[in-house]
Amino acid sequence: IPAHFSKAFMATEEDVNNVFGKEDDKHWHIGSPLDMENVKVNLDLKRFVERSSGVFGKSGTGKSFITRTILAGIVKSKVASCLIFDMHNDYGYEVIDEHKKRFKGLRQLFPDRVQCVTLDPDTSRHRDSKVDKVFQIGLNQIEPEDVDMLSGVLGLSEVQVGALYFLRRRLGRDWIARLLDENESDELKQFIEEDRIQSGTLGAIQRKFELFRRFSFLVPHANDETVDYIFNALSRGMNIILEFGTFGNTLAAYILVANFLTRRIHKKYVEEKNKAAGKGGDEPLPLVITIEEAHKFLDPEIANHTIFGNIARELRKYNVTLLIVDQRPSGIDDEVMSQIGTRVTCLLDNEADIK
């Protein structure tokens with residue numbers, strides 16, 4: 001901190017460039033400081049993707065716009081691949097701001113480097129969005145770990161979450177389909193009679209799982225073809241935007257899909273990184289995973305045992321980092337926040353968030 005009566009000067013473009021670097025292939029211009037419209041702030045993208053980052057600000061302050069600008073820089077520079085969970089269809093195709101001004105999406109700006117995968121083909125078609133793949137999840141693919149993160153949204157108690165693992169073990173891969181089957185099976189009745197699970201606990205789980213019936217992207221059976229497709233595209237340096245369409249309005253759908261896909265993609269990255277360490281393969285290209293409503297994934301109560309908390313704490317151990325977009329940074333676990341390398345902060349007016 002400068003001493004009293006130290007001389008102060010307005011920062012020049014050269015001063016700012018000494019901190020952020022000059023604009024070039026690896027330094028991306030994201031904007032100007034307030035009252036310094038002629039001075040560019042340039043992100044060193046190679047350094048930026050080395051650690052998890054965050055874009056924070058209350059609703060309507062331009063988080064999505066700045067995030068899209070940063071992602072455009074990463075795509076253009078090829079320093080990493082991006083997997084974007086596009087909750088509100090902000091990143092793939094054209095968006096219109098409150099002043100009716102139109103802005104191109106990443107798929108339009110970089111048609112050769114960006115692919116769109118959708119959960120809701122009807123909405124994508126109505127928006128004239130070009131889709132490369134439709135994403136579906138089989139009920140037979142879902143594991144208790146995929147549902148565990150939904151406990152807060154679905155209101156699952158600790159006892160009910162514990163029961164999920166028992167039900168998966170005893171009912172097999174079709175455990176969710178069997179729970180949703182209205183003709184209660186003899187096996188479920190037997191669990192209750194043997195006192196392996198309480199009738200109230202089982203009934204509560206079945207009632208809460210009824211929500212899954214409303215998700216048309218959930219089908220009885222599917223294989224890992226789309227997961228493999230996304231992983232292979234990311235490995236080739238392609239960038240994937242997963243559009244949620246109308247399902248973006250349902251937080252449970254967003255959390256389920258983001259958790260489901262991230263767990264599987266991260267596992268594949270760990271395998272590739274370990275092969276590379278043993279000289280059995282090439283080092284995987286760095287991956288940046290963009291999630292919105294991040295406090296729902298990184299809440300202090302669950303961050304220690306979720307895939308997103310693990311990625312944030314790993315730094316770049318397995319070449320995977322997060323770009324978290326959120327309006328309530330105070331809801332994010334302190335340990336995770338301490339690992340975030342770059343924070344881009346828009347307007348915040350809640351005292352806890354400002355702190």
Side-chain angles (χ1 to χ4, degrees), residues 25-26 28 43-54 67 70-71 73-85 113-115 117 133 135 137 141-146 148-149 223-242 255-291 294 297-298 302-325 332-333 335-342:
D25 289 347
K26 301 299 180 196
W28 183 246
L43 273 185
D44 182 339
L45 293 169
K46 195 167 188 300
R47 295 291 305 278
F48 182 83
V49 302
E50 286 178 358
R51 290 181 65 177
S52 292
S53 306
T67 303
I70 292 170
L71 290 169
I74 296 172
V75 173
K76 184 173 186 291
S77 66
K78 302 181 183 178
V79 293
S81 294
C82 298
L83 173 59
I84 303 160
F85 293 106
R113 297 187 201 167
V114 176
Q115 292 187 3
V117 178
K133 198 85 173 167
F135 188 59
I137 297 175
Q141 293 178 291
I142 297 176
E143 299 291 342
E145 291 86 351
D146 299 315
D148 196 338
M149 247 178 114
N223 55 33
D224 288 334
E225 182 210 344
T226 312
V227 175
D228 292 338
Y229 172 87
I230 291 172
F231 172 72
N232 291 332
L234 294 170
S235 301
R236 297 195 312 270
M238 195 63 71
N239 302 273
I240 300 289
I241 298 172
L242 183 56
I255 291 175
L256 174 66
V257 174
N259 192 33
F260 175 90
L261 188 53
T262 300
R263 285 184 60 242
R264 285 152 181 80
I265 295 292
H266 180 261
K267 183 182 177 184
K268 288 178 179 290
Y269 263 77
V270 171
E271 290 169 0
E272 291 298 311
K273 184 77 174 177
N274 288 336
K275 281 182 194 171
K279 305 291 190 293
D282 295 329
E283 188 89 4
L285 189 70
L287 172 65
V288 177
I289 299 176
T290 302
I291 53 166
F297 297 88
L298 298 166
I302 63 171
N304 283 336
H305 57 267
T306 68
I307 186 61
F308 297 98
N310 292 344
I311 291 171
R313 285 191 299 273
E314 284 168 358
L315 297 180
R316 52 180 179 140
K317 185 177 178 183
Y318 296 112
N319 285 18
V320 181
T321 55
L322 300 177
L323 174 55
I324 60 179
V325 185
I332 296 173
D333 181 61
E335 186 186 350
V336 171
M337 283 296 279
S338 70
Q339 303 297 342
I340 290 176
T342 305

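We're numbering straight along the sequence, starting at 1. Bear in mind that the values here come from a model prediction, so they are computed numbers and not experimental data.
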Between [X] (side chain) and [Y] (backbone), is there a donor-acceptor pair under 3.5 Å?
{"X": "Asp148", "Y": "Pro144", "answer": "no"}
{"X": "Thr262", "Y": "Asn259", "answer": "no"}
{"X": "Arg51", "Y": "Gln339", "answer": "yes"}
{"X": "Asn319", "Y": "Pro284", "answer": "yes"}
{"X": "Glu272", "Y": "Asp282", "answer": "no"}
{"X": "Thr290", "Y": "Ile84", "answer": "no"}

Any side-chain heavy atom of [X] sitting closer than 4.5 Å to one from [Y]?
{"X": "Lys78", "Y": "Arg113", "answer": "yes"}
{"X": "Arg313", "Y": "Glu335", "answer": "yes"}
{"X": "Val288", "Y": "Phe48", "answer": "no"}
{"X": "Ile289", "Y": "Phe85", "answer": "yes"}
{"X": "Phe308", "Y": "Leu322", "answer": "yes"}
{"X": "Phe135", "Y": "Val257", "answer": "yes"}
{"X": "Tyr318", "Y": "Ile311", "answer": "no"}
{"X": "Arg263", "Y": "Lys267", "answer": "no"}

Give the minimum heavy-atom separation between [X] and [Y], together with the two atoms involved.
{"X": "Asn239", "Y": "Cys82", "result": "OD1-N, 2.8 Å"}
{"X": "Ile240", "Y": "Ala233", "result": "CD1-CB, 3.9 Å"}
{"X": "Ile230", "Y": "Ile265", "result": "CG2-CD1, 4.1 Å"}
{"X": "Ala312", "Y": "Ser52", "result": "CA-OG, 3.9 Å"}
{"X": "Gly54", "Y": "Ile340", "result": "N-CG2, 3.7 Å"}
{"X": "Ala303", "Y": "Val336", "result": "CB-CG2, 4.2 Å"}

Just wondering, are more than 12 heavy atoms of other shown residues or ligands nearer than 6.0 Å to NZ in Lys26?
-> yes
Is atom NZ of Lys76 surrounded by more than 12 heavy atoms (other residues, nucleotides or ligands) closer than 6.0 Å?
-> no
For the [atom1] atom of [X] and the [atom2] atom of [Y], what is their distance to the nearest 0.5 Å?
{"X": "Thr342", "Y": "Glu50", "atom1": "OG1", "atom2": "CD", "value": "10.0 Å"}
{"X": "Thr306", "Y": "Leu298", "atom1": "OG1", "atom2": "CG", "value": "6.0 Å"}
{"X": "Phe297", "Y": "Ile302", "atom1": "CZ", "atom2": "CD1", "value": "8.5 Å"}
{"X": "Ile324", "Y": "Thr67", "atom1": "CD1", "atom2": "OG1", "value": "10.5 Å"}
{"X": "Asp333", "Y": "Ser338", "atom1": "CG", "atom2": "OG", "value": "8.0 Å"}

Pairs involving residues 226-241, ordered by first then second residue, that meet salt bridge (Lys or Arg N to Asp or Glu O under 4.0 Å) (sequence neighbours left out) = Asp228-Lys268
Verdict with reasoning, Asp146 to Met149, per side chain to side chain contact (heavy atoms under 4.5 Å, CB included) = CA-CA 7 Å; Asp146 299 315; Met149 247 178 114; over 6 Å; no
Could I get the full list of ring-ring contact (aromatic ring centres under 6.0 Å, His included) partners for Phe231, not counting sequence neighbours?
-> Tyr269
Are Glu143 and Arg264 close enough, and set up right, to give a salt bridge (Lys or Arg N to Asp or Glu O under 4.0 Å), and what steps lead you there?
-> CA-CA 11 Å; Glu143 299 291 342; Arg264 285 152 181 80; 5.5 Å; no
